[in-house]
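First the structure, in the form of structure tokens, and then the observations on it.
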Amino acid sequence: MELSMSYLVLLCFAILAALYVLHYWKNIACRRSCKSEVNLTGKTVIVTGANSGIGKVTAQDLARRGARVILACRNLRKAQDAAEEIKARTGNSEVVVGHLDLASLQSVREFAKEIIEGEDRLDILINNAGIAVVSGEPLTEDGFPALFGVNHFGHFLLTNLLLDLLRKSAPSRVVTVSSNYHRSVWSPLDLTPAVNDGGIPGGNGDGGALYPRLNAYNHSKLANILFSRELARRLALTGVVSVSLHPGVIFTPIWRNVWSRIWILTPLYYILGPLMWLVLIDEEAGAQTILHCTLDESIVNLSGQYFSNCVVSEPSTMAQDDELATRLWAVSCQATGLAEE
């Protein structure tokens with residue numbers, strides 16, 4: 001019995017040692033970091049979802065470089081706390097907060113209007129905010145599946161409303177945070193809207209979603225890449241660069257929300273959480289590819305590309321489908337009420 005216990009203890013130590021080696025390899029040995037030393041004094045940056053996680057880390061780095069940083073967030077209290085913390089850590093007083101709820105097209109329009117009326121320039125737009133699970137209403141205020149509505153439609157409308165300011169400030173950049181999870185989409189996006197009894201695209205008559213088949217996280221992350229790619233094509237020769245990226249698999253509180261969706265897994269989160277820290281990368285490492293795409297001079301010649309770990313990475317075949325990207329753009333214009341040029 002004592003011998004068996006000794007073996008069990010040794011096995012546990014061996015597992016922990018292996019996990020630590022994996023943690024070191026993923027977070028230190030194999031992780032690239034943004035090497036740019038560019039100063040952003042006089043530049044204006046918007047970071048959506050910047051009150052926590054990699055968005056907050058990104059905003060702090062850009063503030064340290066002298067940029068005017070606008071934290072575009074749904075929760076104003078958390079955003080104000082984050083802004084005060086960033087100011088204290090960087091000494092940059094030009095860190096401000098704007099209310100942006102990507103689950104509401106009206107909120108997106110109001111935020112964009114404030115930016116257009118209040119800002120002389122916009123050099124960098126970082127579409128970072130997003131949700132991975134639906135913890136509240138399954139639909140957005142406008143009737144979209146929450147994951148797709150927040151992660152794609154909201155950012156699509158925001159970017160387009162701010163395009164004139166981005167063009168005016170060129171050279172400028174639009175950086176969209178996607179995920180390698182887009183590779184798990186095996187069949188083309190079904191962009192067919194629901195049709196009500198009158199044959200009009202929209203609700204299905206019983207409160208259902210406008211685009212009921214665009215209801216998964218991986219759908220929205222594929223859309224992020226297709227949107228960024230099509231945006232780059234449309235903005236060629238304007239001086240506005242558009243890229244998308246995978247930040248890495250990061251250890252953040254969002255995993256608690258993911259696991260809590262299946263009640264029986266909730267206790268496992270608290271048991272395995274420390275082990276997840278060993279396997280997943282931290283928020284500082286997760287922000288590096290965003291910063292690389294935002295700051296590195298080489299990006300000017302790489303519009304439309306997808307990045308992972310601070311280098312160009314080939315996305316899935318579907319994410320390179322230009323016809324699908326064009327159709328998604330048209331559907332997104334219709335869904336958000338944006339007149340297509």
(request) Using the six-membered ring wherever Trp is involved, compare the ring planes of Phe144 and Tyr211 and label them parallel, tilted or perpendicular (cut-offs 30° and 60°). (result) tilted
(message) Using 30° and 60° as the class boundaries, would you call the ring planes of His152 and Phe227 parallel, tilted or perpendicular?
(response)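 The arrangement is perpendicular - the two ring planes meet at more than 60°.
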If you measure only the distance, is there a donor-acceptor pair under 3.5 Å linking the side chains of [X] and [Y]?
X	Y	result
Ser107	Asp101	no
Thr58	Asn128	no
Tyr306	Asn180	yes
His155	Thr48	yes

Separation of [Y] [atom2] from [X] [atom1] (nearest 0.5 Å):
X	Y	atom1	atom2	answer
Phe156	Leu161	CZ	CG	9.5 Å
Cys73	Leu100	SG	CG	8.0 Å
Ile86	Gln60	CD1	CD	6.0 Å
Leu166	Arg173	CG	CZ	12.5 Å
Leu291	Ser33	CG	OG	9.5 Å
Arg74	His99	CZ	NE2	7.5 Å

Quick one: do [X] and [Y] end up in the same hydrophobic cluster if we chain Ile, Leu, Val, Met, Phe, Trp and Tyr together by side-chain heavy atoms under 4.5 Å apart?
X	Y	value
Val175	Val300	no
Val177	Ile225	no
Val57	Val47	no

Give the minimum heavy-atom separation between [X] and [Y], together with the two atoms involved.
X	Y	value
Gln305	Val312	OE1-CG1, 3.4 Å
Ala129	Leu102	CB-CD1, 3.7 Å
Asp296	Ser298	OD1-OG, 2.5 Å
Val240	Ser303	O-OG, 4.3 Å
Lys221	Ser178	O-OG, 2.7 Å
His182	Ser316	NE2-N, 3.0 Å

Side-chain donor or acceptor of [X] paired with backbone N/O of [Y] under 3.5 Å:
X	Y	answer
Asn51	Leu71	no
Glu94	Gly66	no
Arg32	Asn309	yes
Asp123	Thr44	yes
Asn215	Pro145	no
Glu141	Ala103	no
Thr289	Cys310	yes

(message) Arg121 vs Lys43, test: side-chain contact (heavy atoms from CB on, under 4.5 Å). Steps then yes/no.
(response) CA-CA 8 Å; Arg121 60 185 304 117; Lys43 305 292 186 180; 4.1 Å; yes
Flag side-chain contact, heavy atom, 4.5 Å: [X] against [Y]:
X	Y	answer
Thr140	Leu105	no
Val185	His219	yes
Leu226	Leu189	yes
Ile46	Leu162	yes
Lys35	His292	no
Asn224	Ser244	no

(message) Check for me whether Arg233 meets the cation-pi criterion with Trp329, that is, NZ or CZ under 6.0 Å from the six-membered ring centre and within 45 degrees of the ring axis.
(response) no
(request) Applying side chain to side chain contact (heavy atoms under 4.5 Å, CB included), name anything that partners Gln80, two or more places apart in sequence or on another chain. (result)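 Per chain and number, Gln80 pairs via side chain to side chain contact (heavy atoms under 4.5 Å, CB included) with Val97.
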(message) Please identify which of these residues, Glu84, Glu85, Glu284, meets the salt bridge (charged side-chain N to carboxylate O under 4.0 Å, His left out) condition with Lys56.
(response)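 With Lys56 as partner, salt bridge (charged side-chain N to carboxylate O under 4.0 Å, His left out) holds for just one option, Glu85.
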(message) Just to verify, which of Leu125, Leu62, Thr294 counts as forming a side chain to side chain contact (heavy atoms under 4.5 Å, CB included) with Val45?
(response) Leu62
(request) Identify which one of Ile131, Asn218, Leu214 satisfies the side chain to side chain contact (heavy atoms under 4.5 Å, CB included) criterion when paired with Leu147. (result)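 It is Ile131, the one option of Ile131, Asn218, Leu214 that forms the side chain to side chain contact (heavy atoms under 4.5 Å, CB included) with Leu147.
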(request) Go through the steps for Leu235 and Leu163 under the test side-chain contact (heavy atoms from CB on, under 4.5 Å), then give the verdict. (result) CA-CA 9 Å; Leu235 295 179; Leu163 275 186; 3.9 Å; yes
(request) Tell me, with the steps shown, if Leu295 and Leu40 meet side-chain contact (heavy atoms from CB on, under 4.5 Å). (result) CA-CA 9 Å; Leu295 303 169; Leu40 296 179; 3.7 Å; yes
(request) Check the surroundings of atom CG in Asp120: do more than 12 heavy atoms from other residues, nucleotides or ligands lie under 6.0 Å from it? (result)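 Not more than 12 within 6.0 Å, no.
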(message) Between Asp61 and Arg65, does any NZ, NE, NH1 or NH2 come within less than 4.0 Å of an OD or OE carboxylate oxygen?
(response)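 Salt bridge flag = yes for Asp61 with Arg65.
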(message) If the threshold is 4.0 Å, N to carboxylate O, is there a salt bridge linking Asp81 and Lys78?
(response)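 Judged by the 4.0 Å cut-off on N to carboxylate O distance, Asp81 and Lys78 do not form a salt bridge.
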